[in-house]
Protein chains: 2
Amino acid sequence: MSQSSKPPQPAPVPTSADVARLAGVSRATVSYVLNNAEAVRISEPTRRKVRRAAEELGYVPHAAARSLRAGHTRIVLLPTSHVPIGPLYSAFLNELQWSLRRLDYTVVQYGSLGLSGDEAARAWAELRPVAVISLGEITLSAHNVATLKRAGARAVITMGPVGVPGAHALVMDQSEVGARAAAHLVERGHRRIGVVVPQEEGLELFSTPRLEGARSVAGAGIEALPMAYSEESAAALAARWRSLGLDAVFAYNDEYAMLLMRALLDEGLRIPGDVAVMGADDLLIGRLLRPRLSTVQIELPTGDHLAELVDRAVREPSEITQRQDLISAVAVRREST
Amino acid sequence: MSQSSKPPQPAPVPTSADVARLAGVSRATVSYVLNNAEAVRISEPTRRKVRRAAEELGYVPHAAARSLRAGHTRIVLLPTSHVPIGPLYSAFLNELQWSLRRLDYTVVQYGSLGLSGDEAARAWAELRPVAVISLGEITLSAHNVATLKRAGARAVITMGPVGVPGAHALVMDQSEVGARAAAHLVERGHRRIGVVVPQEEGLELFSTPRLEGARSVAGAGIEALPMAYSEESAAALAARWRSLGLDAVFAYNDEYAMLLMRALLDEGLRIPGDVAVMGADDLLIGRLLRPRLSTVQIELPTGDHLAELVDRAVREPSEITQRQDLISAVAVRREST
DNA sequence: ACGATTCATTGACACGTGTAAGCGAGGGTC
DNA sequence: GACCCTCGCTTACACGTGTCAATGAATCGT
């Protein structure tokens, strides 16, 4: 309770040196004790003294200093898109974060904000992450990957549709989704198939491959239909539907599918009689509308699985297979097709 | 292209010392140039030499070392819940992250994984974040807040229902939502009101206040109804509906409301004739079912707004008001009530 | 021509941590 | 009693950066 005169100072954060001073030992001893070092033997009484002092001061180690000294971090960088990614992938990313946390990694979200690949790679590299998991909204060059690796990243993982040389590619091939949808529709006798392409910015990453996947199956029968995520846009599309001459539609997503199906029903069209509607992602919500929405069910890897894959890549960068397909898609027929 | 013998070394990451060496200047000069220091004047030729060298080596500064030296970071810590938080709040958090990034903060997600308040506070403090934004899944004590502040946090913001001494409370009072819903139902003549409470773990944070809010308005007329987010659970609840003697239900959420409404309709009940159904969050999807779902529209602050509030708190910790209400809720009648 | 000023650059320290190497004391062994 | 362990702890350095104070060179003023 010294009544020293320092009201403005915001009470400096205690360091291990403060702990050492209070415990009457050297700083090294403090470090050994608090890290439970096995190589060095410290007597039990000393251990207690140190622990008491640390407790009393409310000492908390400084992560930056620690990783500076260690020469590496446990940071996994997860570039965030500000895109209205669907519920399925939101949930997946959440789970992934959680699983990584459990493996003692620190997840850093880093908005990439219209940066170029070069700029993004440099910004990311500053944090010296041990791994980078890019969903693909930034297209990285081999040079960018090299920059990251040089900065200490032991795993650079891209989940986009296309692999990048030097990076581990965990391919989540969205075109598979479009292909399954189209195949299902073709199988049921449809030939003129519309594919809803969201107008929302940033979704091209998902929507383009899905469209291409459909094209690869149904070829010339495919017609791209831009549509925004709003009742107005869906109504506008539905209003001109009869003039389009389509007998089926694959709507990118269950949400878009629901939106469009509602508008089509309101327009007086029968489903699946006049037009078959197909969604994707198999959201629970999609089963509530009538007719029930047919969809493409996507089997995403669990967050645990992917996190462990990252972990393995970090431990043994060489052992990991360079390319791996992660998603499997299968059409589920309900009532709208 | 020296054929030196170091194949195993993973090419050490270049430091500012390497840049200095290559440019033939001192490390200090490098620092001044790359940080565009204004206090010190460096000749233009030297600037170019340094920039060239940095470029050539692919130099990227080491964020940890930098913030160690600086004594502070630009990290904003955002503890993540692994709870199935709704689309509304997911979008809000995404936007917040993006806005913070634009203000040059680094957002770190930190799963709190069943930690106690003490443990969480210590773990968070290790990163020396300049601000912590807690949604309230961890209840912090005044002592925890003090720990964080001592570790350099200039703003500790809680968005839970209850303020914490020492922290800036940006209250997002969920009880308001429940209150509006109940008031709307009462106003329309309903007296026996069920309130769906999700069984999913982690959602109590939102659901409990919403329930209590309803209670504060409709008192004894309220009955809590546990339900999981699945068709089976909704069907089970619907099956015993007639025996409950309720004439209205507030379903926590538009998603839960849709699920239950579907089940009630399938059970042969008329909506809103036999039972009025009220959701919350005003999701676009909720307007697709028939009858259209009445809901409580929640006005969340924009991510930009909140981010700027955080920024101001960081710059002038004293100037910020200690407590502030952030959400406003208003009932929207559609067809289900 | 010589001290006074400006200009461009550098040497040196501090930030907080982990750990290899060293060191004194105590206790055995011959 | 000289020797060598082992035990318990400390001294000293390195990690990569920013910045203050100092230094030398060049320019200026008279």
Side-chain angles (χ1 to χ4, degrees), chain A residues 10 12-51 53-54 57-75 125-128 130 150-152, chain B residues 10 12-51 53-54 57-75 125-128 130 150-152:
Chain A
V13 12
T15 74
S16 71
D18 297 322
V19 176
R21 198 154 23 235
L22 179 58
V25 298
S26 79
R27 220 178 40 67
T29 303
V30 172
S31 179
Y32 287 134
V33 170
L34 296 183
N35 293 322
N36 295 314
E38 319 222 332
V40 181
R41 320 195 36 150
I42 308 282
S43 73
E44 196 51 43
T46 311
R47 300 190 108 89
R48 272 198 297 272
K49 270 194 304 184
V50 170
R51 294 222 170 83
L57 291 177
Y59 168 70
V60 173
H62 193 306
R66 183 180 288 206
S67 61
L68 173 59
R69 157 70 214 209
H72 62 255
T73 69
R74 296 279 295 172
I75 290 178
E126 288 192 11
L127 295 177
R128 301 288 191 270
V130 71
R150 188 143 29 82
Chain B
V13 13
T15 75
S16 71
D18 296 323
V19 176
R21 198 154 23 237
L22 180 57
V25 298
S26 78
R27 220 177 40 68
T29 303
V30 171
S31 178
Y32 287 134
V33 170
L34 296 183
N35 294 320
N36 293 315
E38 318 221 331
V40 181
R41 319 190 40 152
I42 307 281
S43 72
E44 195 51 42
T46 312
R47 298 192 110 90
R48 274 198 295 273
K49 269 195 305 184
V50 170
R51 294 222 171 82
L57 291 178
Y59 168 71
V60 173
H62 192 306
R66 183 180 287 204
S67 61
L68 173 60
R69 157 71 214 205
H72 63 255
T73 68
R74 297 278 296 170
I75 291 178
E126 288 192 10
L127 295 177
R128 301 289 190 270
V130 71
R150 188 144 28 82

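On a predicted model such as this, the values are computed, not experimentally measured, just so you know. Proteins come first, then strands; the chains are lettered A, B, ... in the order of their sequence lines, and each starts at number 1.
Counting only heavy atoms from C-beta on, A:Ala28 has its side chain closest to C:dT19 among C:dT19, C:dT17, C:dG11. Across C:dT9, C:dG11, D:dG16, the shortest atom-to-atom separation from the side chain of B:His62 is found for D:dG16. Side-chain proximity of A:Arg69 to the nucleotides D:dC9, D:dG18, C:dT17 is greatest for C:dT17. Among the nucleotides D:dG18, D:dG16, C:dT10, the one closest to the side chain of B:Leu68 is D:dG16.
Using a 4.0 Å heavy-atom cutoff across all strands shown, A:Ser16 reaches sugar-phosphate atoms only and no base atom. Residue B:Arg41 is classed as a base contact, given a heavy-atom separation below 4.0 Å to a base. Residue contacts for A:Thr15: at a heavy-atom cut-off of 4.0 Å it reaches the sugar-phosphate backbone alone, with no base atom in range. Using a 4.0 Å heavy-atom criterion, one finds that A:Thr29 contacts the bases of the nucleic acid, with or without backbone contacts as well. Residue contacts shown for A:Val25 are limited to sugar-phosphate atoms, with no base heavy atom under 4.0 Å away.
Contact check, A:Thr46 against D:dC9: a side-chain N or O comes under 4.0 Å of OP1 or OP2.
Side-chain atoms of A:Tyr32 and base atoms of D:dC7 include no donor and acceptor less than 3.5 Å apart.
Rounded to whole angstrom, the span from the CZ atom of A:Arg27 across to the P atom of C:dT17 amounts to 7 Å.
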